[in-house]
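Down below is the structure, laid out as structure tokens.
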Number of protein chains: 2
Amino acid sequence: MTAIGFEKHDHSRCITTALSEAETRCAEQKLHLTPVRRRVLEILLQRHRAMGAYEILDLLAADGLGSQPPVAYRALDFLVQHGFAHRIERINAYTACAHPAQDHVPAFLICRGCKAVAEAETELEQGRLGAAAMATGFAIERIVVEAEGLCPACQENPE
Amino acid sequence: MTAIGFEKHDHSRCITTALSEAETRCAEQKLHLTPVRRRVLEILLQRHRAMGAYEILDLLAADGLGSQPPVAYRALDFLVQHGFAHRIERINAYTACAHPAQDHVPAFLICRGCKAVAEAETELEQGRLGAAAMATGFAIERIVVEAEGLCPACQENPE
DNA sequence: AAGCGAGATGTTATAACATATCAACCCAAA
DNA sequence: TTTGGGTTGATATGTTATAACATCTCGCTT
Ligand SMILES: [Zn+2]
Ligand SMILES: [Zn+2]
Ligand SMILES: [Zn+2]
Ligand SMILES: [Zn+2]
């Protein structure tokens with residue numbers, strides 16, 4: 001369960017499961033999974049890779065769900081805020097969380113070829129970073145761990 | 001030596017040392033530390049924190065060293081390429097490398113208050129990220145490790 | 001000296017990513 | 001029914017980054 005990403009799986013099932021789990025959790029926690037937000041999550045789940053805000057916005061617009069940047073950014077903020085999606089800093093993009101529900105510090109493997117993203121977890125706080133923070137009195141609030149490279153498929157098929 | 005950053009030090013000496021070491025290394029490796037590149041490195045060393053490209057560009061322009069974005073970006077590319085500086089993905093900014101010369105995978109502690117940056121090193125490769133990469137056949141080319149939070153000074157002095 | 005080529009810089013324009021602001025709307029609680 | 005929070009619509013703007021092409025400089029060759 002630690003790392004899912006590049007391997008094959010029953011993807012249509014993976015989408016519907018994730019969506020219905022999101023609905024359940026939103027109901028429980030009194031969060032509004034509005035049409036725009038739900039559609040953005042669905043888009044991220046469908047593509048199963050990192051997507052830029054404007055790329056998402058184009059798809060929203062095609063559905064008549066909004067056509068201006070704030071629409072996409074607000075929905076993405078909501079999803080990120082509540083753990084349904086993550087922002088990938090390295091490429092200014094967003095991806096659906098591979099295991100919402102759990103509180104976790106994600107680490108990503110990002111393919112620079114196809115933008116596929118695999119999500120693992122970090123064993124944060126340990127390591128020299130945590131030690132350095134301790135030593136200097138730095139208060140860590142958020143950690144970004146992202147590895148960029150080539151996925152198996154793109155290693156074989158360099159464009 | 002692992003983590004330098006927030007503690008006090010003889011900073012003017014730290015600047016001149018770093019600059020002359022950069023000159024030496026560029027001479028050895030036949031790299032051109034041109035006026036613009038040298039000045040950008042100096043700026044980064046002086047401020048000793050993460051700076052945006054346009055912030056740097058303003059200072060360059062004040063020196064009559066170029067006033068258009070590509071001037072700053074090209075100099076920064078050179079410095080990053082050759083290990084004199086690092087790009088901080090989380091905040092789209094740049095900072096001087098704390099220990100050039102050595103080949104290393106940097107990890108950063110970034111203060112969201114004052115943009116001060118401390119540079120540590122990762123042991124990564126091990127850990128679950130490396131394991132996940134192994135398992136899936138992902139070829140890692142670059143790793144970003146960045147922690148955001150508050151430095152000791154900014155914890156006491158929240159604006 | 002003239003011609004060449006590589007690397008660096010100058011310049012203009014534009015792409016790509018992100019937020020500020022304010023009005024309108026919806027719905028549920030008081 | 002009023003009120004207020006949360007969401008959306010709409011316009012404008014801010015911020016970060018690169019494409020494209022012209023020019024310059026300097027060492028090398030002829
Ligand atoms: Zn899937
Ligand atoms: Zn790929
Ligand atoms: Zn210093
Ligand atoms: Zn600080």
Side-chain angles (χ1 to χ4, degrees), chain A residues 22-23 26-27 29-41 43-44 50-82 84-95 110 112 115 144 146 148, chain B residues 22-23 26-27 29-41 43-44 50-82 84-95 110 112 115 144 146 148:
Chain A
E23 274 166 0
C26 282
Q29 303 182 8
K30 306 230 193 292
L31 301 174
H32 299 304
L33 191 62
T34 62
V36 174
R37 293 168 177 178
R38 195 195 134 97
R39 181 67 182 119
V40 171
L41 178 56
I43 287 169
L44 289 176
M51 299 181 72
Y54 279 70
E55 193 181 356
I56 291 166
L57 182 58
D58 287 345
L59 296 171
L60 282 181
D63 292 354
L65 277 177
S67 58
Q68 300 307 316
V71 175
Y73 281 103
R74 288 193 282 232
L76 287 167
D77 282 350
F78 171 87
L79 295 174
V80 168
Q81 195 83 34
H82 295 98
F84 298 111
H86 297 293
R87 176 179 160 83
I88 313 287
E89 301 293 340
R90 172 64 184 132
I91 56 176
N92 300 321
Y94 302 82
T95 192
I110 309 155
R112 68 172 161 77
K115 306 298 177 207
V144 174
E146 298 173 359
E148 194 178 32
Chain B
E23 275 167 0
C26 282
Q29 303 183 8
K30 305 230 193 291
L31 301 175
H32 298 307
L33 191 61
T34 62
V36 174
R37 292 168 178 177
R38 195 194 133 96
R39 180 68 182 119
V40 170
L41 178 55
I43 287 168
L44 289 176
M51 300 180 71
Y54 281 72
E55 192 182 357
I56 291 166
L57 182 57
D58 286 345
L59 296 171
L60 282 182
D63 293 353
L65 278 176
S67 58
Q68 301 306 317
V71 174
Y73 280 103
R74 287 193 283 232
L76 288 167
D77 282 350
F78 171 87
L79 295 174
V80 169
Q81 196 83 35
H82 296 98
F84 298 110
H86 297 293
R87 176 179 159 81
I88 312 288
E89 300 294 340
R90 173 63 183 134
I91 56 176
N92 301 319
Y94 302 82
T95 192
I110 309 155
R112 67 172 161 76
K115 306 299 179 208
V144 174
E146 298 173 358
E148 193 178 33

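Letters A, B, ... are given to chains in the order of the sequence lines, protein chains preceding strands, and every chain is numbered from 1.
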*Over 60° means perpendicular and under 30° means parallel, so classify the ring planes of B:Phe78 and B:Phe84, tilted if in between.*
parallel
Please give, in whole Å, the distance from [N] [atom2] to [X] [atom1]?
| X | N | atom1 | atom2 | answer |
| --- | --- | --- | --- | --- |
| B:Ile91 | C:dA18 | CD1 | C1' | 16 Å |
| A:Met51 | C:dA18 | CE | P | 14 Å |
| A:Lys30 | D:dT7 | NZ | C1' | 18 Å |
| A:Leu33 | D:dT7 | CG | P | 11 Å |
| B:Asp58 | D:dG14 | CG | P | 15 Å |
| B:Leu57 | C:dT12 | CG | P | 14 Å |
| A:His32 | D:dG5 | NE2 | P | 13 Å |
| B:Leu76 | C:dA8 | CG | P | 15 Å |

Using a 4.5 Å cut-off on heavy atoms from C-beta on, say whether the side chain of [Y] contacts that of [X].
| X | Y | value |
| --- | --- | --- |
| A:Glu89 | B:Asn92 | no |
| A:Ile56 | A:Leu44 | yes |
| B:Tyr94 | B:Val80 | yes |

*Between the side chain of A:Gln29 and the main-chain N/O of A:Cys26, is any donor-acceptor distance below 3.5 Å?*
no
*Of A:Gln68 and B:Thr34, whose nearest nucleotide on DNA chain C comes first from the 5' end?*
B:Thr34
*Do B:Glu146 and B:Arg90 sit within salt-bridge range, that is, some charged N less than 4.0 Å from a carboxylate O?*
no
Distances under 3.5 Å between protein N/O atoms and the N/O atoms of nucleotides 17-20 of chain D, please, pair by pair.
from	atom 1	to	atom 2	distance (Å)
D:dA17	OP1	B:Arg87	NH1	2.6
D:dA17	OP1	B:Arg87	NH2	2.7
D:dA17	OP2	B:Tyr73	OH	3.0
D:dA17	O5'	B:Tyr73	OH	3.4
D:dA17	N7	B:Tyr54	OH	2.6
D:dA17	N6	B:Tyr54	OH	3.2

*Do the side-chain N or O atoms of A:Ser67 get closer than 4.0 angstrom to the phosphate oxygens (OP1, OP2) of D:dG9?*
no
